[in-house]
Asker: 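The following block contains the structure, expressed as structure tokens.
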Amino acid sequence: MSFLSDRQYGLLSHRRLLVKLKNSSSITRRLNIDYSLNVHRGCVNTIGWNELGTTILSGSDDQHLIVTDPFTRKVLTKIHSGHRGNIFSAKFLPETNDRQVISCSGDGVIFHTNFDRPTSTRSVEGCFTCHGSTTAYEVRVIPRTPNIFLSCADDCTIRLYDLRTKSNCMKDDCNDDVLIKSNWGITSVDINPMNPNEIVCACADSSVRLYDHRKLSTQISSTTSSPCRYESSINGLISYFILSNRQEQRRSRVTSVVFNQHGTEILASYSSESVFLLDPRQSISQEQIKECLIEHRNKKLTKLSINDKKPTSDKISNDENKTLHIKRLRLRGDWSDTGPDTRPFTEEEPTERIINPSESSNEQQSSTTSGHHSQNFFMRRMSDILTQLVTRTTSETMETSPERETTATSNNVETNDNNIHSLSTMSSPIVQPSVSMQHSTIANTNHHDEEDNLSNRTGVYELIYDESPIFRSKNAGHNDDDDDSSIDDAEDFRISSTATTTTDNARLSEHTHRTHISTKWNRIKKRRDTDRAYEESLMKNIPSLGLLNSYDGHRNSRTMIKEVNFWSDSYVISGSDCGHIFIWNKFNGNIVRIIPADEHVVNCVQPHPLNYPILASSGIDYNIKIFSPLAEIPIDDSDRIERTVKRNHAMIEETSSTITVPATFMLRMLTSIYRLRSQEGSPEIDDDDD
């Protein structure tokens with residue numbers, strides 16, 4: 001570190017010194033956990049530094065917003081927000097002395113919170129319900145602008161709010177303040193820090209889109225028809241990058257997009273895929289980017305020697321070919337396939353843990369860890385039993401009724417829960433739950449499980465029912481048209497779903513009822529597909545963002561809020577389902593360091609804003625962890641990196657067919673199986689009437 005002597009003799013400014021230190025491989029490889037901030041009673045889904053890097057704002061499943069001094073470890077402000085769902089994103093408003101905050105939650109509500117104003121649980125001041133009941137993923141502030149902010153959600157919109165014109169909005173179907181309208185749910189958004197006119201967002205069709213704010217307007221949304229709204233948004237589209245082909249059913253979800261501090265590069269983290277580094281200044285045709293992507297992947301396969309792992313995956317595929325036609329089920333709250341102790345089924349259980357022994361912990365953390373392991377074991381066993389029951393019952397049903405006609409409805413934002421209700425509609429073994437019960441389940445969902453791609457969403461239908469109902473309701477981000485026919489279709493579909501009953505008296509009309517639902521369903525699906533095709537035709541001649549590099553080895557499949565970020569100008573960092581923080585060399589893509597940081601999943605990674613080598617992270621654990629370069633010598637993680645990357649690849653293969661279901665689903669399924677076997681006079685069930 002020759003630059004240290006330059007600093008000593010005044011040849012290097014303090015700011016440049018910090019940049020060089022953070023870019024140093026020696027400093028980066030010394031990072032270790034310093035301490036934890038135990039300030040929440042739920043999973044910490046969002047953290048963010050203030051502009052000076054002196055405080056951290058955090059939001060959690062406990063619905064609290066907390067401002068903490070990470071250096072004195074004191075809580076400066078703690079307030080119960082107005083949210084009724086899990087807080088997914090929270091940001092300080094600029095130029096407000098860190099006293100005003102905006103936040104969004106899984107129930108789609110946006111809140112503007114003023115810490116200096118008395119709070120009232122009944123007040124609607126600062127509440128915006130414009131996104132409806134869809135999940136709001138992220139809020140973003142504009143640098144040096146205290147009154148304007150953006151939000152994105154599964155209602156396929158990015159909205160621009162100006163607190164000078166309105167302090168709240170409680171409309172049911174609000175078309176105001178829509179800056180960008182798409183036919184796909186928007187899962188992440190960021191603003192160029194050097195040029196606030198550039199907005200990048202991630203859509204559920206696995207695309208990353210770059211817009212010019214100057215060509216967009218919120219006035220068009222409330223005065224024009226739906227096609228014109230799409231056209232106005234496309235007019236502001238500069239370029240976009242899409243990972244999968246339009247014809248592919250499987251579309252990887254983008255969980256995070258972010259500009260670097262210079263606004264010259266964009267990181268995009270894809271679910272069950274790599275992290276991609278994109279160049280917003282480069283524009284090439286879509287045909288060229290496809291060729292570049294194929295060439296880049298081939299180079300990565302050769303470099304990472306993926307061919308050595310193929311026999312194992314092929315063996316798993318062949319051995320489990322008979323069972324993979326039914327998706328494996330996982331109970332919500334089962335995190336046994338996450339964390340540093342996770343092992344694929346093909347590997348024996350370890351005799352010792354790999355959590356960093358230097359991590360500081362207290363009695364509360366120790367008891368929490370023990371509780372986590374007990375809960376994991378219990379939930380894993382319950383998931384195994386559930387999968388076996390569904391597989392066995394479905395096999396019996398298929399043998400007796402191979403041509404059974406079935407349909408299902410989907411009304412859940414969280415990953416794979418739309419598959420849950422489809423399983424519930426199997427004619428004999430599973431009883432269709434009432435709509436009120438479905439909404440109750442949705443309202444209490446924690447929205448952590450991700451895996452929200454079309455492959456998992458439709459795979460169960462195709463494999464079990466030989467159908468592919470891809471429709472997502474308004475709550476799941478389908479095209480929300482304003483014309484009367486679309487509204488009537490959605491209303492008819494809701495009324496039809498409400499009419500579903502599980503009583504014996506309704507069995508005679510069950511076939512007719514399902515046919516009616518299927519007809520309404522197909523009408524809405526056809527309209528949605530038409531709108532999406534029209535949007536794709538508008539984007540046909542728009543160039544693509546340039547591809548610079550990609551980064552692999554981590555696992556991003558369980559949560560939909562997993563962040564990726566830049567660590568100085570030379571490194572890329574991301575959380576992972578294996579409970580580690582991954583640090584890659586930005587230029588060659590090599591993994592420099594992996595750091596144990598959570599018992600389950602690391603979701604948030606936020607470097608210090610002033611280039612100090614300090615990192616804050618959070619995840620499923622109920623705390624915030626602070627990392628500093630504490631190691632006396634640079635740490636060599638070669639063995640751990642090789643072991644963890646290999647396990648992550650195996651776990652991605654094993655969990656690719658897993659669907660998350662609520663615990664109530666298991667109770668409904670067991671009840672249905674009992675009734676089925678009772679009606680068939682099964683000798684395994686004792687009949688009280690005998």
Asker: Is a donor from one side chain sitting under 3.5 angstrom from an acceptor on the other, for Ser60 and Asn45?
Answerer: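 No, no side-chain donor-acceptor pair sits under 3.5 Å.
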Asker: Are the side chains of Val564 and Val572 in touch, meaning some heavy atoms are under 4.5 Å apart?
Answerer: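 Yes - at least one pair of side-chain heavy atoms lies under 4.5 Å apart.
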Asker: Might you point out which heavy atoms bring Ile266 and Pro280 nearest each other, and give the distance in Å?
Answerer: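 In terms of heavy atoms, the two residues are closest at CD1-CB, 4.0 Å.
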Asker: Quick one: pull up CG in Asn585 and CD1 in Ile591 and give me the separation to the nearest 0.5 Å.
Answerer: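 Spacing of CG (Asn585) from CD1 (Ile591) equals 11.5 Å.
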Asker: Restricting to non-hydrogen atoms, name the atom on Ser239 and the atom on Ile542 that form the minimum distance, rounded to 0.1 Å.
Answerer: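 Looking at all heavy atoms of both residues, the shortest contact is CA-CG2, 3.8 Å.
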Asker: Using ring pair (Phe, Tyr, Trp, His ring centres under 6.0 Å) as the criterion, list what pairs up with His608, not counting sequence neighbours.
Answerer: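 Only Trp49, Tyr612 meet the ring pair (Phe, Tyr, Trp, His ring centres under 6.0 Å) criterion with His608.
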Asker: Can you tell if the side chain of Leu210 reaches within under 4.5 Å of the side chain of Leu237, non-hydrogen atoms only?
Answerer: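 No; the side chains remain at least 4.5 Å from each other.
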Asker: With distance as the sole criterion, is a donor-acceptor pair present between the side chains of Thr113 and Gln100 under 3.5 Å?
Answerer: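 Checked: Thr113/Gln100 side chains show no N/O donor-acceptor pair below 3.5 Å.
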Asker: By side chain to side chain donor-acceptor pair (under 3.5 Å), which residues pair with Ser568, not counting sequence neighbours?
Answerer: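 Once residues adjacent in sequence are excluded, the partners of Ser568 under the side chain to side chain donor-acceptor pair (under 3.5 Å) criterion are Asn23.
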Asker: Do any pairs count as a salt bridge (charged side-chain N to carboxylate O under 4.0 Å, His left out) and have a residue in residues 562-586, sequence neighbours left out, and if so which ones?
Answerer: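 Non-adjacent pairs meeting salt bridge (charged side-chain N to carboxylate O under 4.0 Å, His left out): Glu265-Lys586, Lys562-Asp577.
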Asker: Return yes if a side-chain donor-acceptor contact under 3.5 Å exists between His112 and Ser167, otherwise no.
Answerer: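 No donor-acceptor contact under 3.5 Å links the two side chains.
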Asker: Does either side chain, that of Thr55 or that of Asn50, offer a donor lying less than 3.5 Å from an acceptor on the other one?
Answerer: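 Yes.
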Asker: Taking distance alone, no hydrogens or angles, what donor-acceptor pairs closer than 3.5 Å link side-chain atoms of residues 71-78 to residues at least two apart or in another chain?
Answerer:
unit_1, atom_1, unit_2, atom_2, d
Thr72, OG1, Asp69, OD2, 3.4
Thr77, OG1, Arg99, NH1, 3.3

Asker: Work out which heavy atom in Asp598 is nearest to a heavy atom in Ser618; give both atom names and the distance.
Answerer: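 Looks like OD2-C, 4.5 Å.
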Asker: Does Met194 have any side-chain contact (heavy atoms from CB on, under 4.5 Å) partners at least two apart in sequence or in another chain, and if so, which?
Answerer: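 side-chain contact (heavy atoms from CB on, under 4.5 Å) check on Met194 returns Asn192.
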Asker: Quick one: closest heavy-atom pair of Ala90 and Thr46, and the distance?
Answerer: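 Looking at all heavy atoms of both residues, the closest pair is N-OG1, 3.4 Å.
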Asker: Which residue pairs pass the ring pair (Phe, Tyr, Trp, His ring centres under 6.0 Å) test with at least one member in residues 256-288, sequence neighbours excluded?
Answerer: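 Ring pair (Phe, Tyr, Trp, His ring centres under 6.0 Å) check on residues 256-288 returns Phe241-Phe276, Tyr270-Phe276.
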Asker: Holding to side-chain contact (heavy atoms from CB on, under 4.5 Å), I want the full list of residues that pass it with Ser13, two or more places apart in sequence or in another chain.
Answerer: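 Checked Ser13 against side-chain contact (heavy atoms from CB on, under 4.5 Å); matches are Arg15, Arg16.
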Asker: Sequence neighbours left out, what passes side chain to side chain donor-acceptor pair (under 3.5 Å) with Ser151? Give chain and number order.
Answerer: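 Per chain and number, Ser151 pairs via side chain to side chain donor-acceptor pair (under 3.5 Å) with His131.
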Asker: Is there a donor-acceptor pair under 3.5 Å between the side chain of Thr129 and the backbone N or O of Gly132?
Answerer: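 Looks like no, no N/O pair under 3.5 Å.
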Asker: Is there a donor-acceptor contact under 3.5 Å linking the side chains of Asn556 and Ser271?
Answerer: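 No.
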Asker: To the nearest 0.5 Å, what is the distance between CD (Gln288) and OG (Ser283)?
Answerer: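 Gln288 CD to Ser283 OG: 11.0 Å, rounded to 0.5 Å.
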Asker: Return the set of residues passing side chain to side chain donor-acceptor pair (under 3.5 Å) with Asn168 (not counting sequence neighbours), or none when no residue passes.
Answerer: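 Applying side chain to side chain donor-acceptor pair (under 3.5 Å) to Asn168 gives none.
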Asker: Quick one: side-chain contact (heavy atoms from CB on, under 4.5 Å) partners of Arg281, sequence neighbours excluded?
Answerer: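 Listed in chain order: Thr264, Asp279.
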Asker: Does Gln286 have any side-chain contact (heavy atoms from CB on, under 4.5 Å) partners at least two apart in sequence or in another chain, and if so, which?
Answerer: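 Residues passing side-chain contact (heavy atoms from CB on, under 4.5 Å) with Gln286: Tyr240, Ile242, Ile289, Ser544.
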Asker: For the OG atom of Ser574 and the NE2 atom of His554, what is their distance to the nearest 0.5 Å?
Answerer: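 Nearest 0.5 Å value for the OG-NE2 distance: 4.5 Å.
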Asker: What heavy-atom pair brings Ala153 and Ala136 nearest, and what distance separates the two atoms?
Answerer: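 Scanning both residues, the minimum pair turns out to be CB-CA, 3.7 Å.
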Asker: Taking atom NZ of Lys166 as the centre, does the number of heavy atoms from other residues, nucleotides or ligands within less than 6.0 Å exceed 12?
Answerer: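 For Lys166, atom NZ is crowded (more than 12 foreign heavy atoms under 6.0 Å).
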Asker: One thing to verify: whether Lys91 and Glu51 come together as a salt bridge, which I'm taking to mean a side-chain N less than 4.0 angstrom from a carboxylate O.
Answerer: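 No, no charged N to carboxylate O under 4.0 Å.
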Asker: Once ring pair (Phe, Tyr, Trp, His ring centres under 6.0 Å) is applied, do any residues pair with His83, and if so which ones, sequence neighbours excluded?
Answerer: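 Applying ring pair (Phe, Tyr, Trp, His ring centres under 6.0 Å) to His83 gives Phe111.
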Asker: What are the two closest non-hydrogen atoms of Cys104 and Glu138, and how far apart are they?
Answerer: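 Scanning both residues, the minimum pair turns out to be SG-N, 3.6 Å.
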Asker: I'd like to know if the side chain of Asn197 pairs up with that of His213 as donor and acceptor (distance under 3.5 Å, no hydrogens or angles considered).
Answerer: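 Note: Asn197 and His213 side chains miss the donor-acceptor criterion.
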Asker: Under 3.5 Å, is there a donor-acceptor pair linking the side chains of Asn86 and Ser105?
Answerer: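 Checked: Asn86/Ser105 side chains show no N/O donor-acceptor pair below 3.5 Å.
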